[in-house]
Amino acid sequence: MTENEIMKLKLKPRSISEKRLVEIFATPAIKERYNKEGKFVSSDKKRLLDRASRFCEIRDDGNRQYYITKVYNNPRPSNFDKMNKELYQYICPLILDALVNGKEADEKRKCTLTVGLWAREIQMVNCNYELIKEAGIKKIENEFKIRHNTYYDFYNRCDEAIDYYIIQALKYLYSAGLIIWRDVYFVQPVTPTIEKDGEVYEKKEKPKVRQATEDEMKFYAKCVEIADEKANIKNAKERYYSTKASCFRETLIKELNKGGILYIFKSYEAYYVNRDRCKAVLDMFDVSDNILDNFNAAFIAKLATNADARKLQPKFKSNDNYIDEFLSLCDMTINNKTENLEERINGEKNES
């Protein structure tokens, strides 16, 4: 039967024979083999029960008898097992929650965030992540005794992981028919200036961020090319996570400013397709009260495991404290219970 045909049956908790189970949930190929052999062949039983589990919870009572213990109002996505493994078991429900319960949910049915802000929205990282990243290596070396190679390695690996897992989670949710999403580039125009009494002043009202036009994207690509050449950039990572990053960033900003642009950034725009369906799938996840603690711990454990495998690389061998420094950065930037470090880093009290 098709998905729609199964839903129309309005299944109820009850006993069911193996034959009827096959009639309802088996694919044509499995049904043909079962009718021919009079029993399940190879992995057909597992495949049939996997399909049945999308619509209900079912118990095998033996002697070719089964019992439907619970029926879902909405079928579970066919890729739900993928969404319910590793870090995705936390990321997928947190993204769904942000979409259907967020401030834009009713009016615009969407959420528009950069990968970094997606990570903040679902609390994959804490408020210190960008703070420490933007502070610069000198401040971090002086204040926290973390060497530059550990610092660059941490943000390189962590940014990569955040980007990978969030985008993959968006792909899973899209595949399940729950959302649509796309990359969108936004522009922050330079604040216009006015001349008064021979002095140049910026206008009080800062221009609003808006979506980049095609011409602006072409201009942006040209600016990146110039900055790459100036900083001798060989690959994308070097633009942000190397000793060349400062030169690249300064040159890029200078070139963008010539065209009236302060900066350009990439965002990910996600829209829910059907809010009730998203809520139903959200309810299928086993979300506990301490989901953020578990999520943070799982993310840190994954990063730490990979770091441990790298500690014998030549560039880290000279640093006996590499793992301790890496874990310290994990705790400062990922653990949701870590205090805001703005005052310690910048000497300014955070008023927010």
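The structure displayed is predicted, hence computed values, not measured ones. Both backbone and side-chain heavy atoms feed into the values below; hydrogens, waters and symmetry mates do not.
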Taking it one step at a time, do Tyr67 and Thr69 satisfy side-chain contact (heavy atoms from CB on, under 4.5 Å)? CA-CA 6 Å; Tyr67 193 88; Thr69 59; 3.8 Å; yes
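- Under a hydrophobic clustering in which Ile, Leu, Val, Met, Phe, Trp and Tyr are joined whenever their side-chain heavy atoms come within less than 4.5 Å, directly or via other members, Ile167 and Val125 fall into the same cluster.
- Although no hydrogens or angles enter the test, the distance criterion places no donor-acceptor pair under 3.5 Å between the side chain of Tyr88 and the main chain of Asp81.
- Rounded to the nearest 0.5 angstrom, Glu225 CD and Glu229 CD are separated by 7.0 Å.
- Within a 6.0 Å sphere centred on CD of Glu32, heavy atoms belonging to other residues, nucleotides or ligands number 12 at most.
- Annotation: side chain of Thr333 is not in contact with side chain of Cys158 (no heavy-atom distance under 4.5 Å).
- Annotation: side chain of Phe80 is not in contact with side chain of Cys92 (no heavy-atom distance under 4.5 Å).
- Side-chain contact between Ile95 and Ile179: absent, with no pair of heavy atoms (C-beta onward) separated by less than 4.5 Å.
- Between the OH atom in Tyr272 and the SG atom in Cys278 there is a gap of 8.5 Å [rounded to 0.5 Å].
- Using a 4.0 Å cut-off between charged nitrogen and carboxylate oxygen, Glu130 and Arg120 do not count as a salt-bridge pair.
- Applying side chain to side chain contact (heavy atoms under 4.5 Å, CB included) to Leu49 and the options Arg47, Lys46, Arg51, Lys45 leaves one that passes, Lys45.
- Across Leu170 and Ala270, no two heavy atoms sit closer than the pair CD2-CB, 4.3 Å.
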Would you please test Tyr155 and Ile132 for side-chain contact (heavy atoms from CB on, under 4.5 Å) and show each step? CA-CA 10 Å; Tyr155 275 103; Ile132 291 176; 3.3 Å; yes
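- Atom CG of Leu173 sits about 8.0 Å away from atom CG of Leu99, to the nearest 0.5 Å.
- Hydrophobic clustering (side-chain heavy atoms under 4.5 Å, transitive across Ile, Leu, Val, Met, Phe, Trp, Tyr) keeps Val41 apart from Val22.
- The nearest pair of heavy atoms linking Lys133 to Asp159 is NZ-OD2, 2.6 Å.
- Heavy atoms from other residues, nucleotides or ligands lying under 6.0 Å from CG of Asn235 number more than 12.
- Between the side chain of Asp44 and the backbone N or O of Ile30, no donor-acceptor pair lies under 3.5 Å.
- Within a 6.0 Å sphere centred on CG of Asn63, heavy atoms belonging to other residues, nucleotides or ligands number 12 at most.
- One finds the SG atom of Cys56 at 10.0 Å from the CZ atom of Arg14 (value rounded to the nearest 0.5 Å).
- Taking the six-membered ring where tryptophan is involved, the planes of Phe265 and Tyr263 are tilted, since the angle between them lies from 30° to 60°.
- Contact check on Lys8 versus Glu5 returns no salt bridge, with no Lys/Arg side-chain nitrogen under 4.0 Å from an Asp/Glu carboxylate oxygen.
- For the pair Tyr220/Ile261, no side-chain contact is recorded, criterion being any heavy-atom separation below 4.5 Å from C-beta on.
- Formation of a donor-acceptor pair under 3.5 Å by the Lys10 side chain with backbone atoms of Met7 is not found in this model.
- Other residues, nucleotides and ligands contribute only 12 or fewer heavy atoms inside 6.0 Å of the CG atom of Asp286.
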CA sep, side-chain torsions, deciding dist, call: Glu339, Arg344, salt bridge (charged side-chain N to carboxylate O under 4.0 Å, His left out): CA-CA 10 Å; Glu339 64 180 352; Arg344 183 173 172 184; 5.8 Å; no
Assess whether side-chain contact (heavy atoms from CB on, under 4.5 Å) is satisfied between Ile16 and Ile24, documenting all intermediate values. CA-CA 10 Å; Ile16 185 172; Ile24 297 173; 3.8 Å; yes
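- For residues 169-183, the pairs satisfying side chain to side chain donor-acceptor pair (under 3.5 Å) are Arg182-Glu269, with sequence neighbours left out.
- The two residues Met284 and Pro77 have their closest heavy-atom pair at SD-CD, 4.2 Å.
- The two residues Asn101 and Leu282 make their nearest non-hydrogen contact at ND2-CD2, 4.4 Å.
- Evaluated for a side chain to side chain contact (heavy atoms under 4.5 Å, CB included) with Asn126, the options Leu341, Ile334, Thr338 yield exactly one hit, Thr338.
- Ring to ring, Phe285 and Tyr90 are not that close: their centroids are 6.0 angstrom or more apart.
- No salt bridge links Glu141 with Lys138; every basic N to acidic carboxylate O contact stays at or beyond 4.0 Å.
- Among residues at least two apart or in separate chains, there is no salt bridge (Lys or Arg N to Asp or Glu O under 4.0 Å) pair with a member in residues 245-254.
- Residues Tyr34 and Glu18 have side chains that bring a donor and an acceptor to within less than 3.5 angstrom of each other.
- For Lys39, the NZ atom is loosely surrounded, since the number of other residues' heavy atoms within 6.0 Å does not exceed 12.
- Heavy atoms of other residues, nucleotides or ligands lying less than 6.0 angstrom from NZ of Lys82 number 12 at most.
- In this structure, the side chain of Asn35 engages the main chain of Lys31 through a donor-acceptor pair within 3.5 Å.
- In this model, a donor atom of one side chain and an acceptor atom of the other lie less than 3.5 Å apart for Arg310 and Tyr322.
- Here the closest non-hydrogen pair linking Glu238 and Asn232 is OE1-O, 3.8 Å.
- Proximity of a side-chain donor or acceptor of Gln89 to a complementary backbone N or O of Glu86 within less than 3.5 Å is detected.
- Follow the hydrophobic side-chain contacts under 4.5 Å out from Val224 and you never reach Ile226; the two are in separate clusters.
- Remark: Lys244 NZ to Lys234 NZ distance equals 6.5 Å, nearest 0.5 Å.
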side-chain contact (heavy atoms from CB on, under 4.5 Å) between Cys330 and Phe299: does it pass, once the steps are laid out? CA-CA 9 Å; Cys330 283; Phe299 187 33; over 6 Å; no
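- Annotation: the span from Arg76 atom CZ to Ser53 atom OG amounts to 4.0 Å, rounded to 0.5 Å.
- The side-chain heavy atoms of Ile6 and Leu11, taken from C-beta on, include a pair separated by under 4.5 Å.
- Between the side chain of Arg275 and the backbone N or O of Val100, at least one donor-acceptor pair lies under 3.5 Å.
- Between the side chain of Thr305 and the main chain of Ala301, a donor-acceptor pair closer than 3.5 Å is present.
- Connection of Phe55 to Met83 is not established within any shared hydrophobic cluster, with ILVMFWY side chains joined at heavy-atom distances below 4.5 Å, either directly or through further cluster members.
- For the pair Ile345/Phe144, a side-chain contact is recorded, criterion being any heavy-atom separation below 4.5 Å from C-beta on.
- Between Leu94 and Ile291 there is a side-chain heavy-atom pair separated by less than 4.5 Å.
- Here the side chains of Glu23 and Ser17 are not in contact, with every heavy-atom distance at 4.5 Å or above.
- Looking at Trp118, its side chain does come within 3.5 Å of a backbone N or O of Tyr268 through a donor-acceptor pair.
- Asp331 and Asn335 share a side-chain donor-acceptor pair at under 3.5 Å.
- The cluster map of Ile, Leu, Val, Met, Phe, Trp and Tyr, joined by side-chain heavy atoms under 4.5 Å apart, puts Ile253 and Val190 in different clusters.
- Closest of all the heavy-atom pairs between Asn296 and Gln123 is ND2-O, 3.3 Å.
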